[in-house]
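In what follows, chains are A, B, ... by sequence order, proteins preceding strands, each numbered from 1. Below, each value reflects all heavy atoms present in this structure, side chains not excepted, and no hydrogens, waters or symmetry copies.
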Amino acid sequence: MNERYEFQEIEQKWQKIWAEEQAFKTVEDYDKEKYYTLEMFPYPSGKLHMGHVRNYSIGDVVARFKKMAGYNVIHPMGWDSFGLPAENAAIKNGIHPAIWTDSNIQDMHDQLNGLGFSYDWDREVATCKPDYYKWMQWLFIELYKKGLAYKKENPVNWCPSCATVLANEQVVDGACERCKTPVTKKNLSPWYFKITAYADRLLANLDKLPGWPDKVKTMQRNWIGRSEGAEVVFGIDGYDNDLVVYTTRCDTLFGVTYMVLAPEHPYVKDLTEGTEYEAAVNAYIQECAAKSEIERTSLTKDKTGVFIGKYAINPVNGNKIPIFISDYVLMDYGTGAIMAVPAHDQRDFEFAKAFDLEIIPVVDVEDPEVDLNNLTEAAVATGTMINSGQFNGMNNKDAIKAMIQFLEEEGKGKATVNYKLRDWLISRQRYWGCPIPMLNCEKCGWVPEKEENLPILLPTDVEFTGKGASPLTTSKTFGTGVCPVCGGKAEREYDTMDTFLDSSWYFLRYCDAKNDEKAFDKKKVDYWMGQEGVDQYIGGVEHAILHLLYSRFFQMVLHDLGLVEAEEPFKNLLTQGMVIKGYTDADGNYVKAKMSKSLGNVVSPAEIQEKYGADTARLFILFAAPPEKELDWSDEGVEGSFRFLCRVYRLVHEYITKIKGDQTPSAAIEIKTADDKQLNFVLNSTIKKVTEDAGGRFNFNTAISSIMELVNELYRYKASAEMNLPLFNEAINKMVIVLNPFVPHITEELWSCLGHDDRLYSAEWPKYDEAALVKDEVEVIVQINGKLKDKLILPNNTSKEVVEETARELDKVKEAIDGMNIVKVIVVPNKIINFVVK
RNA sequence: GCGGAUGUGGCGGAAUUGGCAGACGCGCACGGUUCAGGUCCGUGUGAGUAACAUCGUGUAGGUUCGAAUCCUAUCAUCCGCACCA
């Protein structure tokens with residue numbers, strides 16, 4: 001055994017051995033209980049960052065622990081390898097995206113191996129490879145056949161910088177989620193997935209996911225945005241069509257004093273054409289269209305709009321009320337039209353004030369501060385109905401139901417449910433993505449490609465300019481195909497798929513990654529996924545809505561298609577916190593922020609690995625904070641972790657010649673002295689703690705701290721007079737095993753040095769001895785009125801009576817109760833005695 | 001505005017069921033080892049006091065024999081959503 005901890009030598013040695021021995025290869029064993037550990041696969045940018053290292057270190061501990069605990073563990077890794085950076089690199093450097101991506105994958109593959117992660121590389125997938133995207137295309141067609149994919153012309157979100165459309169979910173604060181460029185509207189005819197058909201199920205199933213963080217579930221609930229209300233039918237004076245609005249406040253129908261349509265509402269042209277209002281209305285529509293999403297949503301205060309010269313008729317009282325258009329009404333929510341009740345809706349109130357419109361209160365709210373005749377803001381509290389005909393006197397909550405019933409009887413409305421969730425726009429006008437396997441035939445219209453013609457390969461004769469239409473249109477070979485229905489000439493779809501499709505089912509492909517006949521075998525997927533999906537999914541919270549919602553949608557669809565058993569993809573979800581680091585800002589203040597190149601507070605995994613080794617990097621990351629919290633990077637902390645590993649290494653080295661090969665079986669180890677007893681106690685409580693913390697609650701920081709306590713105890717013990725070598729040996733061996741999931745290289749090395757021929761990666765997790773955890777003597781806290789006064793050392797399980805008797809004899813207790821009345825004595829055996837005195 | 005979280009030493013954090021607040025690590029101080037520095041080993045380290053007392057988990061109340069933990073109010077910070085009718 002080397003005297004010094006030569007981490008680089010050790011790490012390389014064991015990585016080589018693991019590869020040679022195929023240590024992490026997993027095969028289906030249908031009789032054995034499985035455990036699916038999954039970390040979000042990376043985009044192959046070429047370099048790992050600390051966020052990756054944290055994500056994968058957490059996953060690796062889980063995988064290694066569960067394997068040692070006896071599960072058949074699947075722990076795969078792959079590449080989310082379609083996407084814009086590759087294409088941008090191609091535009092900039094003239095390297096083909098495939099070459100750029102392949103080389104990055106190779107580099108990152110090596111970096112992951114360098115950190116000692118226990119992946120089964122036989123299951124590796126890369127979404128940009130034809131053997132993966134063939135099945136992506138197949139799945140697209142399956143969705144199309146089910147009526148879940150459709151093409152529709154629409155004004156869509158367009159990122160001028162990325163030169164592509166974006167899904168609703170990819171627009172953040174009116175800007176492109178990726179490049180922050182303000183999004184504009186463009187009329188296109190993209191493909192959509194009908195995710196709204198699953199809105200209710202996506203919402204309801206969240207209640208069946210207790211293993212997900214509330215934060216993520218709440219975000220998804222808000223995003224789906226279910227709201228219960230009613231559609232109300234208004235007539236329009238001098239127009240044949242009815243005007244349907246959506247409202248959650250049916251109770252306020254008597255308070256409607258005007259109507260508003262979205263500027264894009266289809267009636268607007270009809271209602272104003274050839275009238276004196278046409279010019280002003282068109283001018284306003286132009287003005288709105290020119291505004292970017294940011295301008296339209298950020299200037300929230302000032303309400304604008306135009307009267308269109310027509311009147312609607314209130315179905316409950318026949319009142320004629322003016323119709324306006326305004327951009328505070330959105331075309332893509334509800335019906336694109338609203339009934340305005342300025343007395344009870346703040347937005348309507350602001351608009352009514354700006355346009356000097358009538359305000360009629362219809363709910364006498366339970367708020368003494370509100371003067372209904374002189375409102376300063378909308379009155380939104382609950383209350384009693386007024387000015388509402390036969391509904392007067394009702395509680396307004398009840399009036400909602402009564403009003404809906406009334407409308408339904410009159411044929412003037414019905415109860416409905418609305419969602420904020422929109423259908424998923426999946427077309428992208430870019431090259432580096434999966435081609436959409438659809439053809440447009442002059443005779444037959446849009447038809448799916450034949451299955452035997454899949455995959456539709458990405459052409460290589462394409463120009464990358466970053467401008468204009470989809471790059472696939474520049475290929476001379478790609479565009480024409482044969483109509484699978486009539487055999488005539490058909491034109492291919494030139495757009496590619498959103499890369500979020502690729503990542504919506506990759507975890508299923510891992511279960512059967514090499515299948516070239518199907519997307520995956522159902523039996524294999526059902527084994528690994530089970531009834532409830534991936535056992536533990538780990539990744540950043542930034543995917544709370546996009547990826548995690550899309551994947552749930554996909555899984556449900558595939559479940560409905562009979563392709564998989566599980567209805568939800570991820571049983572348990574852990575969202576790890578960001579890696580942050582302090583730095584001094586321009587004003588000289590020390591602040592903490594997420595590691596980023598622009599702030600200059602980045603620590604690269606490579607430099608840490610070179611200086612201290614992969615084990616130290618992993619240990620520090622796992623020790624410094626619980627996984628779901630932010631991780632504050634500290635260079636001193638890293639050194640502390642390194643020191644700990646040196647300390648462990650030295651301890652083994654110092655005693656290696658004495659304990660190596662000791663064959664005393666655990667059962668034959670005698671516990672003789674008090675020191676022995678103490679060491680045995682610490683050893684077993686550490687095993688218990690690590691088992692619970694690393695295997696159950698995933699609090700790796702406390703698991704590691706308890707192993708540190710064991711090491712400290714071993715250092716204390718070796719100084720004791722009568723060292724019990726078999727016990728010491730046992731403690732060191734078990735310490736090395738429980739440390740293994742966190743720092744696999746050094747522990748394999750020490751295990752081997754200790755004379756074992758087997759490997760820790762396939763070792764059995766140690767059990768703790770309950771008997772060793774029972775102490776002969778316990779410390780009992782003595783309190784007077786809840787304040788600590790003294791401590792008693794008593795035999796374990798001393799009766800309440802004896803505890804009280806003993807405690808009364810203590811000087812400090814005598815002193816405190818002298819001349820006082822003992823009101824009550826509370827005794828919790830083995831823990832505490834409290835005298836309540838007056 | 002709505003929703004979700006989080007507030008504990010000089011710092012990262014622990015306290016899993018209401019029962020010794022501050023485990024473990026960093027930092028700092030002192031001692032040993034060393035020619036010396038570093039390493040390593042050991043001791044100490046919430047405030048306060050000569051020592052006790054006492055005070056102490058954002059703030060103010062409350063429940064309880066007993067509260068970091070439960071309840072009410074409030075402040076601060078972070079995150080998400082946001083003209084969703």
Checklist outcome for this item: Sorted by chain and number, sequence neighbours left out, side chain to side chain contact (heavy atoms under 4.5 Å, CB included) with A:Gln783 holds for A:Ile781, A:Ile832, A:Asn834
Checklist entry - Side-chain donor-acceptor pair under 3.5 Å between A:Trp424 and A:Glu169, yes or no? => result no
Next on the checklist: Could you work out, with ring pair (Phe, Tyr, Trp, His ring centres under 6.0 Å) as the rule, every residue matching A:Tyr267, not counting sequence neighbours?
Outcome noted: A:Tyr239, A:His265
Item to check | Letter per nucleotide, 5' to 3', of nucleotides 63-70 of chain B [B base touched, S only sugar-phosphate touched, - untouched; heavy atoms, 4.0 Å] | outcome: --B-----
Next on the checklist: Heavy atoms from C-beta onward define the side chain here; which of B:rA85, B:rC83, B:rG80 lies closest to that of A:Thr248?
Outcome noted: B:rA85
Checklist entry - Does A:Asn701 place a side-chain N or O at less than 4.0 Å from the phosphate oxygens OP1/OP2 of B:rA14? => result yes
Atom pairs and distances, donor-acceptor, side-chain atoms in residues 414-421 of chain A, under 3.5 Å, two or more places apart:
unit_1	atom_1	unit_2	atom_2	d
A:Tyr419	OH	A:Asp200	OD1	2.9
A:Tyr419	OH	A:Asp200	OD2	3.0
A:Tyr419	OH	A:Arg226	NH1	3.3

Next on the checklist: Nearest to the side chain of A:Ala625, heavy atoms from C-beta on, is which of B:rA85, B:rG13, B:rG42?
Outcome noted: B:rG13
Next on the checklist: Which nucleotide wins on minimum distance to the side chain of A:Arg697, given the candidates B:rA15, B:rG4, B:rG12?
Outcome noted: B:rA15
Next on the checklist: Nearest whole Å is fine: how far is B:rA82 P from A:Asp327 CG?
Outcome noted: 16 Å
Checklist entry - So A:Phe351 and A:Tyr258, would you call those rings parallel, tilted or perpendicular, with 30° and 60° as cut-offs? => result parallel
Next on the checklist: So if I take residues 575-583 of chain A and measure heavy-atom distances to RNA chain B, which residues fall below 4.0 Å?
Outcome noted: none
Checklist entry - A:His344 side chain to A:Val363 main-chain N or O, any donor-acceptor pair under 3.5 Å? => result yes
Item to check | Protein-nucleotide distance (A:Tyr246, atom OH; B:rC83, atom C1'), rounded to Å | outcome: 16 Å
Item to check | RNA chain B base-pair string [pairs: Watson-Crick or G-U under 3.5 Å; |: paired with another strand] | outcome: (((((((..(((......[....)))((((((.......))))))((......))..(((((..]....))))))))))))....
Checklist entry - Should the pair A:Lys775 and A:Phe681 be classed as cation-pi, given the thresholds of under 6.0 Å to the six-membered ring centre and 45° from the axis? => result yes
Checklist entry - Which whole number of Å gives the distance between the P atom of B:rC20 and that of B:rC70? => result 16 Å
Checklist entry - Which part of the nucleic acid does A:Lys594 contact within heavy-atom distance under 4.0 Å: base, sugar-phosphate only, or nothing? => result nothing
Checklist entry - What is the distance from CD of A:Glu654 to C1' of B:rC41, rounded to the nearest Å? => result 11 Å
Checklist entry - Is the closest side-chain donor-acceptor distance between A:Asp693 and A:Thr702 under 3.5 Å? => result yes
Checklist entry - What do you reckon, is NZ of A:Lys401 surrounded by more than 12 foreign heavy atoms closer than 6.0 Å? => result no
Checklist entry - Is the Lys NZ or Arg CZ of A:Lys303 less than 6.0 Å from the centre of A:Tyr328's six-membered ring, within 45° of the axis? => result yes
Checklist entry - What pairs with A:Lys688 under salt bridge (charged side-chain N to carboxylate O under 4.0 Å, His left out), at least two apart in sequence or on another chain? => result A:Glu692
Checklist entry - What integer distance in Å separates A:Asp214:CG from B:rG80:P? => result 18 Å
Item to check | Any pair counted as salt bridge (Lys or Arg N to Asp or Glu O under 4.0 Å), so long as it reaches residues 631-644 of chain A, sequence neighbours left out | outcome: A:Lys592-A:Asp632
Item to check | Sugar-phosphate only, base, or nothing, as touched by A:Gln346 at under 4.0 Å among non-hydrogen atoms | outcome: nothing
Checklist entry - When the C1' atoms of B:rG13 and B:rG31 are considered, how many whole Å apart are they? => result 29 Å
Item to check | In B:rG66, glycosidic geometry as syn within 90° of 0 or anti otherwise | outcome: anti
Checklist entry - Which nucleotide in the list B:rC81, B:rC11, B:rG19 gets nearest to the side chain of A:Ile832? => result B:rG19
Checklist outcome for this item: Between A:Lys689 and A:Lys629, whichever has its closest RNA chain B nucleotide further toward 5' is A:Lys629
Checklist outcome for this item: Closest of B:rG80, B:rA85, B:rC20 to the A:Ile781 side chain is B:rC20
Next on the checklist: Treating primed atoms plus P, OP1 and OP2 as sugar-phosphate and everything else as base, which nucleotides of nucleotides 24-29 of chain B get B, S or - for protein heavy atoms under 4.0 Å?
Outcome noted: BSSS--
Checklist outcome for this item: Between CZ of A:Phe349 and C1' of B:rC83 the distance, given in whole Å, is 16 Å
Next on the checklist: Regarding B:rC83, can its base be found pairing with the side chain of A:Lys303 as donor and acceptor, where the two atoms are less than 3.5 Å apart?
Outcome noted: yes
Next on the checklist: Taking B:rU6 as the reference, what is the distance to B:rU54 when you measure between their C1' atoms (whole Å, please)?
Outcome noted: 31 Å
Checklist entry - Do A:Ser641 and A:Tyr612 have side-chain N/O donor and acceptor atoms under 3.5 Å apart? => result no
Checklist entry - Does A:Arg647 count as lying over the ring of A:Tyr715, i.e. NZ or CZ under 6.0 Å from the six-ring centre, within 45 degrees of the axis? => result yes
Next on the checklist: Using a heavy-atom cut-off of 4.0 Å across all strands, would you classify A:Lys831 as base, sugar-phosphate, or nothing?
Outcome noted: sugar-phosphate
Next on the checklist: For A:Asn314, give me all partners under side chain to side chain contact (heavy atoms under 4.5 Å, CB included), at least two apart in sequence or on another chain.
Outcome noted: A:Phe234, A:Leu253, A:Val256, A:Val316, A:Asn317, A:Asn319
Item to check | Residue mapping more 5' on RNA chain B - nearest nucleotide basis, A:Val172 or A:Thr335 | outcome: A:Val172
Checklist entry - With A:Glu804, which residues qualify under side-chain hydrogen bond (donor to acceptor under 3.5 Å, both in side chains), at least two apart? => result A:Arg808
Checklist entry - Any side-chain N or O of A:Thr702 under 4.0 Å from OP1/OP2 of B:rU16? => result no
Checklist entry - When we call it a touch if two heavy atoms are under 4.0 Å apart, what does A:Arg422 touch: a base, just sugar-phosphate, or nothing? => result base
Pairs: protein N or O with nucleotides 51-57 of chain B N or O, under 3.5 Å:
none

Checklist entry - Can A:Arg249 and A:Asp348 be counted as an ion pair, charged N to O under 4.0 angstrom? => result no
Next on the checklist: Looking at A:Asp327, is its backbone amide N or carbonyl O close enough to the side chain of A:Tyr284 to form a donor-acceptor pair, meaning the two atoms are under 3.5 Å apart?
Outcome noted: yes
Item to check | For atom CG of A:Leu330 and atom P of B:rA82, their distance in whole Å | outcome: 11 Å
Next on the checklist: Whole angstroms only, please: what is the CG-C1' distance between A:Asn222 and B:rG4?
Outcome noted: 9 Å
Next on the checklist: Quick check for you: among B:rG13, B:rG19, B:rA85, whose closest atom lies nearest to any side-chain atom of A:Val828?
Outcome noted: B:rG19
Next on the checklist: Other residues, nucleotides and ligands only: do more than 12 of their heavy atoms fall within 6.0 Å of NZ on A:Lys353?
Outcome noted: no
